[in-house]
J.: 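Can you keep this structure in mind? I'll have questions shortly.
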Amino acid sequence: MLSRRVLQPISDFECVVLRFVIRVWPHLLRWLGACRDRAMKLDVEGDTVRVSAVRQLGAANASAFRDWIRDALVEGEKNLDIDLSQTTFLDSCGLGALVALNKTVRGRAGTLRLLHPAPSVQQLLELTRMDQLFEIVKV
Amino acid sequence: MTGTCPAAWHLDLVCDLKAVPGAAAAARHFLLAQGCGEPESVPCELALVEACNNAILHTADPKLPIGLEVLCSPEQIELRITDHAEQFEWPARIELPDVEQETGRGLYLIVSVMDSVRYSHGSGANVLVLSKRRTA
């Protein structure tokens, strides 16, 4: 039955649906990307806040990322661990957000650690001497 | 670029920072398809991201797209970014800012990962040309 269905030409309705999908696909991908950004996780362990599932940190979301974490910190939480193991994209604006967050935790007498950056992200951190500012925990 | 005709990739990028990562990733995939390795394609992707961010942030007309072009020959990779900034001047000297500074690293990253940088002002549009020699 499947092979018979494949050989038949698509109907006009199917053609309309296909055209609609092709037209909205780029917008759908952007929406999924936005949802994926919002899927970043934030967990608390004692006085340490851990952020994970950070896939992209760039000009488009760096300010929101910074403000989201700042707003999430409550009294008593002073350390910040940011898991970069899933980060495939980091630019200078993302670095700026990390620098800003470092100032925030230092104001609380805490520390910011960057966890398990991918090799390309590690290279970027070293190129910009961010490894002198942050504690980086490698795999 | 001299020698054989290079392979070319072109994209008109909308003035939206959210569109930059996808466009840069597409450029990197183009370079990988031309036989470039990660040591060549990843720095080019980073330079393209920083250049696009700059072009979008300084554009005089957000309705005009940013022109992206990637040319790849066996000897060299060339990135061309056409922007519509009016007030942006390429600094004569680019240094890495203090580690505590939150901004100012973009241009440094571009000149650090690319072999040559050239910014030309035109009538209504400017072109940033970034080149990187290919390794054997």
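Proteins get letters first, then strands, A, B, ... in listed order; numbering begins at 1 in each.
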J.: Between S92(A), A100(A), C93(A), A60(A), who has the most heavy-atom pairs with chain B when the cutoff is under 4.5 Å?
T.: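 Top count of heavy-atom pairs under 4.5 Å with chain B: S92(A).
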J.: Membership question, hydrophobic clusters at under 4.5 Å side-chain separation (ILVMFWY): are V111(B) and L96(B) in the same one?
T.: yes
J.: Heavy-atom distances under 4.5 Å only: say whether T103(B) touches chain A with side chain, backbone, both or neither.
T.: neither
J.: Cluster question for you: counting only ILVMFWY and a side-chain heavy-atom cut-off of under 4.5 Å, with indirect links fine, are V127(B) and L13(B) together?
T.: no
J.: CG of D98(B): more than 12 outside heavy atoms within 6.0 angstrom?
T.: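 More than 12 within 6.0 Å, yes.
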J.: What part of E100(B) gets within 4.5 angstrom of chain A, counting heavy atoms only: side chain, backbone, both, or neither?
T.: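 E100(B) touches chain A through backbone and side-chain heavy atoms alike.
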J.: If you count the non-hydrogen atoms of other residues, nucleotides and ligands that lie under 6.0 Å from CZ in R118(B), is the total more than 12?
T.: no
J.: Measuring heavy-atom distances to chain A, does V113(B) have an atom under 4.5 Å in its side chain, in its backbone, in both, or in neither?
T.: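 It is the side chain, since no backbone atom gets that close.
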J.: State, with a plain yes or no, whether a side-chain heavy atom of L109(B) is found less than 4.5 Å away from one of D91(A).
T.: no
J.: Can you hop from V20(B) to L11(B) via hydrophobic side chains spaced under 4.5 Å?
T.: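 Yes, it is one cluster - the side chains of V20(B) and L11(B) are joined through contacts under 4.5 Å.
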J.: Indicate if L32(B) and I77(B) have the same hydrophobic cluster label, given that clusters are the connected sets of ILVMFWY residues with side-chain heavy-atom separations under 4.5 angstrom.
T.: no
J.: With a 4.5 angstrom heavy-atom cut-off, could you sort out which part of L133(A) is near chain B: side chain, backbone, both or neither?
T.: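 Side chain of L133(A) only, per the 4.5 Å heavy-atom cut-off to chain B.
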J.: Between T128(A) and chain B, which part of the residue has a heavy atom less than 4.5 Å away: side chain, backbone, both or neither?
T.: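 Both parts, backbone and side chain.
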J.: On a heavy-atom basis, which atom in F89(A) and which in V49(B) lie closest, and how many Å separate them?
T.: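 That closest heavy-atom pairing would be CE1-CG2, 3.4 Å.
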J.: Is L90(A) in contact with chain B via its backbone, its side chain, both, or neither, using a 4.5 Å heavy-atom distance?
T.: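 Just the backbone, heavy atoms under 4.5 Å.
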J.: Is atom CZ of R70(A) surrounded by more than 12 heavy atoms (other residues, nucleotides or ligands) closer than 6.0 Å?
T.: yes
J.: Side chains of Q101(B) and V99(A), heavy atoms from C-beta outward: is any pair under 4.5 Å?
T.: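 Side-chain contact under 4.5 Å: no.
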J.: Rounded to the nearest 0.5 Å, what separation is found between the CZ atom of R105(B) and the CZ atom of R129(A)?
T.: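 R105(B) CZ to R129(A) CZ: 10.0 Å, rounded to 0.5 Å.
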J.: Given the rule that I, L, V, M, F, W and Y join up when any side-chain heavy atoms are under 4.5 Å apart, are L101(A) and L42(A) in one cluster?
T.: yes
J.: If I measure from the heavy atoms of chain A, does V99(B) come under 4.5 Å with its side chain, its backbone, both, or neither?
T.: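 V99(B) touches chain A through backbone and side-chain heavy atoms alike.
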